[in-house]
Amino acid sequence: MPRAATIASNVEQIRERIARAAARADRRPEEVVLVAAAKTVSAEAIRAAYDAGVRAFGENRVQEWEEKQPQLTDLKASWHLIGHLQGNKARRAARLFDWIDSVDSAALALKLDDAAGETNEWLAVLIEVQLDPAEKKSGVAQADLPALAEAIGQMPHLELRGLMAIPPFCDDPRDSRPHFRRLRRLRDDLEKQFDRSLPELSMGMSHDFEIAIEEGATQVRLGTAIFGERAKE
Ligand SMILES: *Cc1c(COP(=O)(O)O)cnc(C)c1O
């Protein structure tokens, strides 16, 4: 794992870059939450990022977080599931995470709502949108987004906060801009259609988060920029 000092200096540099990107868009840096994407990263490295001030973390796999979580119960942070979630793991995910950022079907949402209801809790959720139908990735198709948002809106234990997307990878991060803009427009349309606020836009990763912030991201999910290159998965 990278040394704690390296993680701390990475976080500090990222904070400066977030502040500059926010300023370019006439936004305040506090409007952007840094979510540390911690897949493959050790509990020690997560703790180092926490000590450097990071208060939100994302994991891709339920089981991986189940293994690390017992070592980190003293951390006061919010824990996001950012990877694809299978329905048969919804109950465990609802117990382990504060946010599920990758809800992409009503069936999955129902399972999460049931699970959260069993413990009388509620879960913050984002809908993951598939921005490029050519990429066979997770996320709800844009055409099905309004129906899914409406369905989740009826579920008493889910609190729909906004949208998330992983746009197709572009070598030049500026090419991601139209994708980020599209996600923001989809969010704006939903807000109008349902007359409710959906404040969160989770978009932007290590190579393109500054563009995402210029286009309205409120959560950026950064792994490599904080923890260094991952071993090939
Ligand atoms: C790994 C991952 C990230 C972070 O990717 P980096 O390029 O390392 O910053 C963000 N979001 C999701 C869903 C991921 O799986």
Side-chain angles (χ1 to χ4, degrees), residues 1-2 6-7 9-18 21 32-43 45-46 48-50 52 54-68 77-86 89 93 96-105 108 124-132 135-140 161-177 179-180 183 200-233:
M1 103 173 217
T6 307
I7 291 173
S9 97
N10 289 346
V11 168
E12 193 184 317
Q13 285 170 40
I14 290 162
R15 293 231 178 272
E16 283 164 15
R17 290 170 64 187
I18 288 175
V32 183
V33 173
L34 171 58
V35 180
K39 59 173 173 273
T40 79
V41 162
S42 68
I46 292 175
Y50 182 86
V54 176
R55 289 294 178 271
F57 294 86
E59 287 283 356
N60 285 65
R61 296 198 177 91
V62 172
Q63 183 168 345
E64 189 179 332
W65 178 232
E66 258 169 358
E67 286 161 13
K68 292 184 229 177
S78 57
W79 307 98
H80 297 236
L81 183 74
I82 62 176
H84 181 67
L85 177 61
Q86 291 166 339
K89 295 189 179 136
L96 283 163
F97 292 96
D98 306 303
W99 289 72
I100 308 291
D101 296 356
S102 52
V103 176
D104 61 359
S105 74
L108 175 63
V125 299
L126 303 178
I127 295 177
E128 181 177 355
V129 183
Q130 189 188 294
L131 289 177
D132 182 354
E135 297 223 341
K136 278 269 152 245
K137 288 233 169 132
S138 55
V140 67
R161 293 282 182 82
L163 304 181
M164 182 272 229
I166 309 170
F169 183 85
C170 304
D171 285 324
D172 183 341
R174 285 171 301 185
D175 293 336
S176 298
R177 189 183 296 281
H179 298 289
F180 296 141
L183 192 71
E200 304 291 343
L201 283 175
S202 174
M203 56 188 195
M205 316 202 323
S206 290
H207 74 292
D208 59 10
F209 68 96
E210 288 148 304
I211 307 285
I213 290 169
E214 290 173 19
E215 295 301 329
T218 62
Q219 302 180 12
V220 290
R221 308 177 309 269
L222 272 54
T224 313
I226 298 175
F227 299 112
E229 290 289 339
R230 288 179 293 276
K232 279 268 167 278
E233 283 158 71

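Atoms within each ligand, like the ligands themselves, are counted from 1 in listed order.
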Mind checking what makes side-chain contact (heavy atoms from CB on, under 4.5 Å) contact with Asp172, not counting sequence neighbours? Arg174, Asp175
Thr224 heavy atoms, cut-off 4.0 Å: which ligand 1 atoms fall inside? 6 (P), 7 (O), 8 (O), 9 (O)
Just distances here: any N/O of Ile166 and N/O of ligand 1 closer than 3.5 Å? no
What do you reckon, is CD of Gln63 surrounded by more than 12 foreign heavy atoms closer than 6.0 Å? no
Closest non-hydrogen atom pair, Leu126 against Ser202: CD1-CB, 3.6 Å
If you count the atoms of ligand 1 from 1 in the order shown, which ones are under 4.0 Å from a heavy atom of Asn60? 14 (C), 15 (O)
Examine Phe57 together with Trp79 and report whether their ring centres are nearer than 6.0 Å. yes
Closer than 4.0 Å to some heavy atom of Arg221 - which atoms of ligand 1 meet that? 4 (C), 9 (O), 10 (C), 11 (N), 12 (C), 13 (C)
Going by the atom numbers of ligand 1, which of them fall below 4.0 Å from some non-hydrogen atom of Leu222? 9 (O)
Look only at the side chain of Lys39 and the backbone of Gly83, and say whether a donor-acceptor pair between them is shorter than 3.5 Å. no
Numbered atoms and elements of ligand 1 in range of Lys39, under 4.0 angstrom, heavy atoms: 1 (C), 2 (C), 3 (C), 14 (C), 15 (O)
Taking non-hydrogen atoms only, is His207 closer than 4.0 angstrom to ligand 1 via side chain, backbone, both or neither? neither
Ring pair (Phe, Tyr, Trp, His ring centres under 6.0 Å) partners for His207, two or more places apart: Phe169
At a 4.0 Å threshold, what atoms of ligand 1 neighbour a non-hydrogen atom of Gly223? 4 (C), 6 (P), 8 (O), 9 (O)
Part of Ala37 with heavy atoms under 4.0 Å of ligand 1, whether side chain, backbone, both or neither: side chain
Any side-chain heavy atom of Val62 within less than 4.5 Å of one from Gln86? no
